[in-house]
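Accompanying notes for the structure given below.
Note that the structure is a prediction, hence the values are computed from the model and not measured. Lettering of chains follows the sequences in order, A, B, ..., and the numbering in each one begins at 1.
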Amino acid sequence: MLATTREREQLRNVKKLINSAETVVTDALRGLSAAHPGLRVDPDGRTVSRSGGPTPGKVGLVSGGGSGHEPLHAGFVGYGMLDAACPGEIFTSPVPGQMVTATAAADGGAGVLYVVKNYTGDVLNFELAADLCAEEGVEIASVLVDDDVAVRDSLHTAGRRGTGATVFVEKIAGAAAEGGASLAEVTRVAEEVNARSRSFGVALSACTTPASGRPTFELGETEIELGIGIHGEPGRSRSTMRDARELAAIALDAVDEDMPLSGDALVMVNGMGATPLIELYVVFAEVAEQLAGRGVRVARSLVGDYVTSLDMRGFSVTVCLLDEDLTRLWDAPVETPALRWGR
Amino acid sequence: MLATTREREQLRNVKKLINSAETVVTDALRGLSAAHPGLRVDPDGRTVSRSGGPTPGKVGLVSGGGSGHEPLHAGFVGYGMLDAACPGEIFTSPVPGQMVTATAAADGGAGVLYVVKNYTGDVLNFELAADLCAEEGVEIASVLVDDDVAVRDSLHTAGRRGTGATVFVEKIAGAAAEGGASLAEVTRVAEEVNARSRSFGVALSACTTPASGRPTFELGETEIELGIGIHGEPGRSRSTMRDARELAAIALDAVDEDMPLSGDALVMVNGMGATPLIELYVVFAEVAEQLAGRGVRVARSLVGDYVTSLDMRGFSVTVCLLDEDLTRLWDAPVETPALRWGR
Amino acid sequence: MDTAFLTRWIAGIADAVRAERDRLTELDAAIGDADHGANLDRGFGAAVQALADDPPAAPGALLRLVGGTLISRVGGASGPLYGTAFREAGRSLGSSGEASEVSLADLARALRAGLDGVTRLGSAAEGDKTMVDAFAPAVRALETAVSAGAGEREAFEAAASAALAGAEATVPMVARKGRASYLGPRSAGHEDPGAASCALIFAALCTADQGHG
Amino acid sequence: MDTAFLTRWIAGIADAVRAERDRLTELDAAIGDADHGANLDRGFGAAVQALADDPPAAPGALLRLVGGTLISRVGGASGPLYGTAFREAGRSLGSSGEASEVSLADLARALRAGLDGVTRLGSAAEGDKTMVDAFAPAVRALETAVSAGAGEREAFEAAASAALAGAEATVPMVARKGRASYLGPRSAGHEDPGAASCALIFAALCTADQGHG
Ligand SMILES: Nc1ncnc2c1ncn2[C@@H]1O[C@H](COP(=O)(O)OP(=O)(O)O)[C@@H](O)[C@H]1O
Ligand SMILES: Nc1ncnc2c1ncn2[C@@H]1O[C@H](COP(=O)(O)OP(=O)(O)O)[C@@H](O)[C@H]1O
Ligand SMILES: [Mg+2]
Ligand SMILES: [Mg+2]
Ligand SMILES: [Mg+2]
Ligand SMILES: [Mg+2]
């Protein structure tokens, strides 16, 4: 199917490697399918699951959310992590139907845990799906990821956003599930990871959604946004560009203020989609050094693009305070497109 | 060390996550070191090697080149791949001294293979290093990677550039070395991979080096560069933006014209540094589908950032025609920061 | 009002949303994630299609079909919320032996049920800078018009202008629900996209009524 | 000419390269990879430092130290090439019992040896759009001046203007060596950065000579 003239005009203007704004999610899923024989991908139905189907007797893990955050979530489907994922339109929570299909693909008879990033849309759609699945007799539990310290938590608001910690929750809960833990235990582990994790993000540029073809906000040549989410939303405040050292300090201060840092930590320096790896390593050098200065040991780490925001330039830092159990679960084998070790 | 005022001014203008243009390579190596305990990193001496030191009796693999291509090469140091890497300044071949140090860190007594991308600077510096090491009694062999079909090969020119195939050569020759092959045999395998591999790259934007603070070339809103290298050089020709399908066809045509495609292939769709993963998967979908249409089976694949050009937007396609031996070596365990399976 | 009227209404919403798609997306870009226009365009487009594919016999069934279609096609926050609104509105019109005509009072009751569904699901109150800020005054205006014995045209115009005023009143508000709430004080100064789309939905009642008359 | 002259020469090159760093980098951005200015700035800066740290006693040793420093500090194509040029030039001045003064004829012979080193290593000929296009005519001009019995100032000026003319003549050329060759016909229309820096190197001979006189 060729793009329409108007679409072509648009994609030329934004210069994205796509066929059309309408087909980008489907096309990317076709690519995911072609690249990863270990996944069962339904590009039209928008679900991704392990090609072997549900693991009998294992708690199933399902996550999902808008597209545009790749490799999240589909890139984390596989042994030791998710059983199924359902990608929505760009930055749009998936619909309950997708979640129901994903649940069926994940349900090995021991119940299914939904890993839900705390956004109104994700929460509402997963709630509707949970109702439908419960009616079908599947035992469903949910964990809400809300690690972003840029947003003040309050009873009267939508609460904190879910960002980088999602990767930690999915990996560690996935390991617990693979190890045979019960739904209650997997849920508890997931909640604990979330409780011990905090994130803060910085944007050097906005992102451009294929549909709108325009940056979600405009930044001057020396301006940056502090406290951004992963949907191209503006952050909590605008600031001027600093060097990597200062930006790392701003992020760590924000995290530390919300959750005093100490002991061993799992630390991720995550690129927002258009940040070169060399820059992420520069940031990680500062983060690791400054954490050491605060008495925190970087026991485990990830540096790279894990939870992105289309073509945004910038980074986020996520810190999870480890204990022995969580470290063991983090180290357990995992085999997914985006995270793999021990297999 | 704080950046000077002029540097600060500059880094604000180009908005890079760095401390200063002067320290970016050293700082990134500090980050690499903090993130990967399996590596021995000398940020000032600019060498990266396996933390266990040389493997006695194993052929050593050394590569290196300018920085700005991360994860290449340091991200491929580890079990089953490189023994040591030496990163130069941004886009500048390393100096012979670094190579000599890297050779010492890689030399297990069975000789050392240099994997050299075909650029005059890389070739000359590795030649000088090989002379120095040979004087020290180390048996040195070199393989020249020159897979880029955008450049016409000729006796009277510098020849084709080395780009994406470097990853394939390093992985497959690394597996051969890990398997105990002799220097002659590892060299032969490396040359065979290179001979069976071709690449073609497309840029949607130039990149900006930290030192210059300016894009290496200017592209209009609807312009792209076809046949680019990995140093921000302009390509062979300028063109207008197309959809992913057409761009994939242009790349595959160029590859196929130079090396007729058939049989099983190892295919990489590589991001140039600022290309979101979702777009790379869209390109990969087209590449895989069109290869199937040409009677080629994508037997193995990589989709992601492997050989980058700082913050350039764009992609490259690399195709390597597999046989059974190469497939087995590709599948062999590897444990490096950027490529890992089987361990 | 019959299914023909409601079908015209839904078609009118779909047209308005398509025409205003870019504006809705821009509003969402300012304080959200730039997808509201695309979301509703997809959803109401699908609803029009669903009604054409299998025209429901009764107003209640029609609104439930629209709600179900929005839930199953939109995603995001607005999908479940508007979907619930239409579904609850349809449910309130009774589920068995449904009448083929509904009165203005029936419709007002139905929309009140829809609004209740939205606030139950999203727990937003007026002043939180959401679709509720347009929805609630519009339903009140409709109820007032019913009590006053107004005609359809008058009632719809009152509801439409109450919704529009409600949407405009969201500009200075600081968001407390949805994605815009992450911006804190920076959310002030922008109209809420969901309130803006809700105003389109009530405005489409007038168009549907004119098409009828 | 003595080591003081040669030290002034190297310092003059370092100054010129620093002053022209951005221009060299821009030339390299057009047909290369935008690092030539930074490369030579780093290299000649290091050479000046090396000469200050441990001043060589003889002209040959001085040029060899400069060459070695360039090789060990510059990287890229220009590092080994310029490094070899200086090293070979130094070698040609004899390695043991070196004279502390060299004549204009000695220097011309030394630079010829340096040029030979460059073409041996890089196998570029004139017309390939490289530093050789400035280097070769400059050496020829020097040799001609020596044959004609010219003085230093006159000889250096002839060499410098030959190098400059050679560099300018690279503009229309299509590159056949180095990174610019990847551009094929698109490399035409731009001055070669290495030829441009080579012109600076020969121009610095004049400055060193004036500093002396
Ligand atoms: N809790 C809530 N209650 C009522 N309306 C809400 C709530 N959260 C969000 N909304 C409405 O949804 C609109 C955003 O819809 P949309 O952009 O389609 O979804 P998303 O925010 O998931 O991207 C907001 O402008 C707001 O009017
Ligand atoms: N084979 C060669 N012979 C002579 N000079 C060369 C050759 N290759 C490149 N050069 C010179 O080197 C210059 C580029 O130097 P530089 O930018 O420092 O290195 P790199 O090309 O590795 O980035 C070119 O402009 C050209 O003059
Ligand atoms: Mg959304
Ligand atoms: Mg270079
Ligand atoms: Mg939105
Ligand atoms: Mg260069």
Checklist entry - Could you go step by step and tell me if C:Leu121 and A:Leu124 meet the side chain to side chain contact (heavy atoms under 4.5 Å, CB included) rule? => result CA-CA 8 Å; C:Leu121 193 63; A:Leu124 296 182; 3.6 Å; yes
Checklist entry - Which of the residues C:Asn39, C:Ile31, C:Leu81, C:Thr25 is involved in the greatest number of heavy-atom pairs with chain A at under 4.5 angstrom? => result C:Asn39
Item to check | Residue among A:Pro96, A:Gly68, A:Gly97, A:Gly88 with most heavy-atom pairs under 4.5 Å to chain C | outcome: A:Pro96
Next on the checklist: Show the nearest heavy-atom pair for residues C:Gly75 and A:Val95, with the distance to one decimal.
Outcome noted: N-CG1, 3.2 Å
Checklist entry - For the atom pair CD (A:Glu233) and OG (C:Ser181), what is the distance rounded to the nearest 0.5 Å? => result 10.0 Å
Item to check | C:Arg179 side-chain N/O to A:Tyr119 backbone N/O, donor-acceptor pair under 3.5 Å | outcome: no
Next on the checklist: Just so I know, are the side chains of C:Asp35 and A:His231 near enough to count as touching, which here means a heavy-atom distance under 4.5 Å?
Outcome noted: no
Next on the checklist: Counting only non-hydrogen atoms closer than 4.5 Å, does A:Glu225 touch chain C with its backbone (N, CA, C, O), its side chain (CB onward), both, or neither?
Outcome noted: side chain
Item to check | Leading residue by heavy atom contact count with chain A [cutoff under 4.5 Å; candidates C:Gly76, C:Ala29, C:Gly37] | outcome: C:Gly76
Item to check | Pair C:Arg73 + A:Glu89: basic N to acidic O under 4.0 Å | outcome: no
Checklist entry - Looking at OG1 of A:Thr209 and CG of C:Asp28, how far apart are the two atoms once the value is rounded to the nearest 0.5 Å? => result 9.5 Å
Checklist entry - Side chain, backbone, both or neither: which part of A:Ile90 has a non-hydrogen atom closer than 4.5 Å to chain C? => result backbone
Checklist outcome for this item: Turns out that what part of A:Ser237 lies under 4.5 Å from chain C's heavy atoms comes down to backbone
Item to check | Which portion of C:Ala30 sits near chain A, non-hydrogen atoms under 4.5 angstrom | outcome: backbone
Item to check | Close side-chain approach of A:Leu128 to C:Ile71, heavy-atom, < 4.5 Å | outcome: yes
Next on the checklist: Under a 3.5 Å distance rule, please check whether A:Asn125 uses its side chain to pair with a backbone N or O of C:Pro80 as donor and acceptor.
Outcome noted: no
Item to check | Closest approach of A:Asn118 to C:Tyr182 (non-hydrogen atoms, all atoms of both residues) | outcome: O-OH, 3.1 Å
Next on the checklist: Once rounded to the nearest 0.5 Å, what's the spacing between atom OG1 of A:Thr92 and atom NE2 of C:His36?
Outcome noted: 11.0 Å
Item to check | Among A:Arg236, A:Arg214, A:Arg238, residue most engaged with chain C (heavy-atom pairs, under 4.5 Å) | outcome: A:Arg236
Checklist entry - Using non-hydrogen atoms only, which part of A:Pro234 is less than 4.5 Å away from chain C: side chain, backbone, both, or neither? => result both
Checklist entry - To the nearest 0.5 Å, what is the distance between CD (A:Gln98) and OG (C:Ser72)? => result 10.5 Å
